[in-house]
2 protein chains.
Amino acid sequence: MATGRTHRPATRSRGIPEATVARLPLYLRALTALSERSVPTVSSEELAAAAGVNSAKLRKDFSYLGSYGTRGVGYDVEYLVYQISRELGLTQDWPVVIVGIGNLGAALANYGGFASRGFRVAALIDADPAMAGKPVAGMPVQHTDDLEKIIRENGVSIGVIATPAGAAQQVSERLIAAGVTSILNFAPTVLSVPDGVDVRKVDLSIELQILAFHEQRKAGEDSAAPAPAAGAATAPSAASAGAGADASAVVPPAARPASGARKPGPEGDVPAVMPA
Amino acid sequence: MATGRTHRPATRSRGIPEATVARLPLYLRALTALSERSVPTVSSEELAAAAGVNSAKLRKDFSYLGSYGTRGVGYDVEYLVYQISRELGLTQDWPVVIVGIGNLGAALANYGGFASRGFRVAALIDADPAMAGKPVAGMPVQHTDDLEKIIRENGVSIGVIATPAGAAQQVSERLIAAGVTSILNFAPTVLSVPDGVDVRKVDLSIELQILAFHEQRKAGEDSAAPAPAAGAATAPSAASAGAGADASAVVPPAARPASGARKPGPEGDVPAVMPA
DNA sequence: GGCTGTGAAATTGTTCACAGCC
DNA sequence: GGCTGTGAACAATTTCACAGCC
């Protein structure tokens with residue numbers, strides 16, 4: 001799931017499966033909430049419910065970390081918080097830089113969820129000279145020229161990229177050259193990075209597209225015909241969005257590129273809605 | 001991967017595996033870029049590189065959609081753009097609402113990636129009366145009181161939640177009651193929703209935690225001792241972050257809760273760095 | 001009696017490798 | 001000759017179900 005040229009079996013890391021690692025932060029969040037309410041112990045069933053998974057999976061996950069529970073009783077909340085934190089590496093301080101202080105970058109800088117884990121925003125970096133020195137989230141924005149210096153002086157190994165897509169690859173190269181080995185990428189581009197560098201992607205529109213896929217299927221189940229949306233009326237005509245949607249959006253090509261008739265698409269080839 | 005009480009085999013949807021669905025938006029993005037450069041055809045190898053996957057996987061993925069390529073030649077870009085768009089349901093207009101117009105909500109409202117797919121931000125909603133009427137991304141923020149009305153009048157079936165964690169569950173209930181059946185949740189909470197409602201989560205700090213996990217392992221490989229970070233000096237002491245990190249963060253509990261000696265953690269139990 | 005820890009089974013996802021077509 | 005489409009092998013993940021301990 002992490003990108004990066006992961007050629008090694010990926011989970012050579014130390015036995016803990018990737019899927020489990022991806023859930024540890026979920027468990028940690030649920031446990032932290034319990035800890036704040038001074039709950040001393042939880043059963044796998046309760047904790048699983050709080051984390052939104054099923055209990056068998058949770059127990060299996062924890063079994064990769066060690067035997068931290070007590071049969072007949074459950075798990076000690078504080079102890080487990082600590083063990084998971086340690087496993088995730090959150091018992092140490094992780095300075096991060098955020099590059100690209102637009103709307104999203106500023107939102108990230110202000111996001112409390114970082115600081116409350118072991119992450120410390122060490123610097124905000126932007127290419128716009130007009131931004132330099134302006135305070136965002138109580139911290140002056142610094143110019144890209146100083147990127148390498150900032151990385152090195154702060155011992156940063158994790159970088160967050162929130163630049164426009166066009167700048168992301170170059171920014172990632174500079175980050176990596178300066179010593180960063182993990183990147184969280186919000187720009188909608190595939191970064192190509194050398195071996196040994198981890199990249200994780202968050203793409204907001206991808207998530208929406210996945211929802212749309214399922215949403216469409218739901219509509220198809222209700223009635224036989226693939227009806228438009230769930231709600232009723234309106235739909236203010238003109239398929240292209242209000243503001244400046246690039247007109248290229250979705251145009252049904254004549255038919256198949258070459259050759260004549262083929263088997264139609266899996267569900268019948270008729271476009272449900274077709275812009276005129 | 002989608003949350004929601006997915007009890008059905010999940011991929012009863014129409015044969016297309018979830019993992020494939022999750023990659024379609026990636027392919028679509030790469031194809032759109034090619035289309036803009038007027039590239040007529042691509043091979044699975046080229047397209048795979050552009051999308052950041054390997055070609056076997058891409059071909060397998062496409063084979064679930066149908067036989068849209070031409071042996072010896074490759075795929076017709078325009079045709080494939082259309083087929084994937086249709087499969088994802090992007091040939092229709094999807095009005096979405098964003099609830100919670102803080103930093104993140106505003107960033108989402110301004111994010112161009114939505115409009116350029118089939119998504120149209122139909123309304124911005126916030127609970128703060130002071131926000132009401134204020135323009136964000138060229139659109140007046142509306143008050144939560146009108147949530148149900150807005151949903152119904154616009155036929156919205158997809159909602160985006162960018163509220164604080166405490167408000168998220170209640171907002172989701174109101175959205176669902178008003179007709180929303182898919183939710184993209186940015187609040188760091190597990191939403192519990194009825195069957196038939198899809199939830200996808202994006203949690204910024206979770207991604208960072210996963211990176212930290214791998215980062216920690218890397219450090220361990222370099223030298224025998226688990227060295228701090230990659231870079232060199234600094235690390236401005238004081239483990240807790242600058243601003244208002246909740247002091248409860250990470251406290252190593254005395255030892256095991258009950259009983260005496262146990263097998264130590266998988267990697268040896270000594271905490272790498274321990275706040276004094 | 002209640003609940004964890006874990007082998008074994010079932011399911012899902014990925015990669016290989018090659019037949020089939022242009 | 002080049003490249004897609006796909007069965008078959010392989011790998012990862014999830015779920016089951018129950019032995020083992022408190």
Side-chain angles (χ1 to χ4, degrees), chain A residues 1-3 6-13 15-24 27 40-49 51-77 79-80 83 256-260 262-263 266, chain B residues 1-3 6-13 15-24 27 40-49 51-77 79-80 83 256-260 262-263 266:
Chain A
M1 204 142 279
T3 328
T6 319
H7 269 305
R8 272 64 95 54
T11 316
R12 207 211 62 78
S13 337
I16 303 181
E18 264 303 304
T20 295
V21 172
R23 281 187 295 266
L24 291 181
Y27 301 142
T41 58
V42 257
S43 67
S44 63
E45 201 68 61
E46 295 164 327
L47 183 53
V53 303
N54 74 47
S55 63
K57 199 184 297 192
L58 178 143
R59 287 200 303 279
K60 184 60 113 182
D61 283 343
F62 285 178
S63 81
Y64 292 118
L65 308 185
S67 292
Y68 293 151
T70 309
R71 290 168 207 241
V73 178
Y75 300 92
D76 181 88
V77 171
Y79 187 65
L80 204 46
Q83 289 299 344
R256 278 239 79 205
S259 78
R262 266 298 174 93
K263 73 171 169 184
Chain B
M1 207 142 273
T3 328
T6 319
H7 267 308
R8 274 65 99 48
T11 316
R12 206 211 62 77
S13 338
I16 302 182
E18 264 304 303
T20 294
V21 172
R23 281 187 295 265
L24 291 182
Y27 301 144
T41 57
V42 255
S43 67
S44 63
E45 200 68 60
E46 294 164 329
L47 183 54
V53 302
N54 73 46
S55 62
K57 199 185 295 191
L58 177 143
R59 286 200 304 278
K60 183 61 115 184
D61 284 342
F62 285 178
S63 80
Y64 293 117
L65 308 185
S67 292
Y68 293 151
T70 309
R71 290 168 208 239
V73 178
Y75 300 92
D76 181 88
V77 171
Y79 187 65
L80 204 44
Q83 289 300 345
R256 277 240 77 206
S259 77
R262 265 301 172 92
K263 72 171 169 183

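Naming: A, B, ... by sequence-line order, numbering from 1 per chain.
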Answer yes or no: does a side-chain N or O of [X] lie under 4.0 Å from OP1 or OP2 of [N]?
| X | N | result |
| --- | --- | --- |
| B:K57 | C:dT15 | yes |
| B:S43 | D:dC3 | no |
| A:T70 | D:dC22 | no |

Nearest whole angstrom, please: distance from the [atom2] of [N] to the [atom1] of [X].
| X | N | atom1 | atom2 | answer |
| --- | --- | --- | --- | --- |
| B:E45 | C:dC16 | CD | P | 12 Å |
| B:K60 | C:dC18 | NZ | C1' | 13 Å |
| B:L80 | D:dT4 | CG | C1' | 12 Å |
| A:E18 | D:dT14 | CD | P | 11 Å |
| A:N54 | C:dT4 | CG | P | 13 Å |
| B:Y64 | C:dG13 | OH | C1' | 8 Å |
| A:L65 | C:dG5 | CG | C1' | 13 Å |
| B:L58 | C:dC16 | CG | P | 15 Å |

* Asked: Closest heavy-atom contact between A:G69 and A:Y75?
  ->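 Nearest pair, atom of A:G69 first, then A:Y75: CA-CD2, 3.4 Å.
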* Asked: Do B:L47 and B:L80 have side chains that get closer than 4.5 Å, going by heavy atoms?
  ->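 With C-beta onward as the side chain, the pair touches.
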* Mapping A:V73 and A:A56 to their closest nucleotides on DNA chain D, which lands nearer the 5' end? ->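 Going by which nucleotide is closer to the 5' end, it is A:A56.
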Selection from [options] that lies nearest to any side-chain heavy atom of [X]:
| X | options | value |
| --- | --- | --- |
| A:A19 | D:dA17, D:dT14, C:dG2 | D:dT14 |
| B:R71 | C:dT4, C:dG5, D:dT4 | D:dT4 |
| A:R59 | C:dT15, D:dA17, D:dG5 | D:dA17 |

* To do: For B:Y75, report the nucleic acid contact type (base, sugar-phosphate, nothing); a contact means any heavy atom under 4.0 Å.
  =>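 Since only primed, P, OP1 and OP2 atoms lie under 4.0 Å of B:Y75, the category is sugar-phosphate.
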* When Watson-Crick pairs (N1 to N3 and N6-O4 or O6-N4) and G-U wobble pairs (N1-O2 and O6-N3) count only below 3.5 Å on both distances, what is the dot-bracket string of DNA chain C, with | for other-strand pairs? -> ||||||||||||||||||||||
* Step-by-step side-chain contact (heavy atoms from CB on, under 4.5 Å) determination, B:Y27 to B:V53 -> CA-CA 9 Å; B:Y27 301 144; B:V53 302; 3.8 Å; yes
* Asked: Mind checking what makes side-chain hydrogen bond (donor to acceptor under 3.5 Å, both in side chains) contact with B:S43, not counting sequence neighbours?
  ->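 With sequence neighbours excluded, B:S43 shows a side-chain hydrogen bond (donor to acceptor under 3.5 Å, both in side chains) to B:E46, given in chain and number order.
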* Kindly determine whether A:Y68 and A:Y79 satisfy ring pair (Phe, Tyr, Trp, His ring centres under 6.0 Å), including the steps that lead there. => CA-CA 8 Å; A:Y68 293 151; A:Y79 187 65; 5.6 Å; yes
* Any chance you could measure B:N54, atom CG, to B:R59, atom CZ, to the nearest 0.5 Å? =>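 One gets 8.5 Å once the value is rounded to the nearest 0.5 Å.
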* **Distance, nearest 0.5 Å, that separates OG1 of B:T20 from CG of B:L58** =>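 Answer rounded to 0.5 Å: 10.0 Å.
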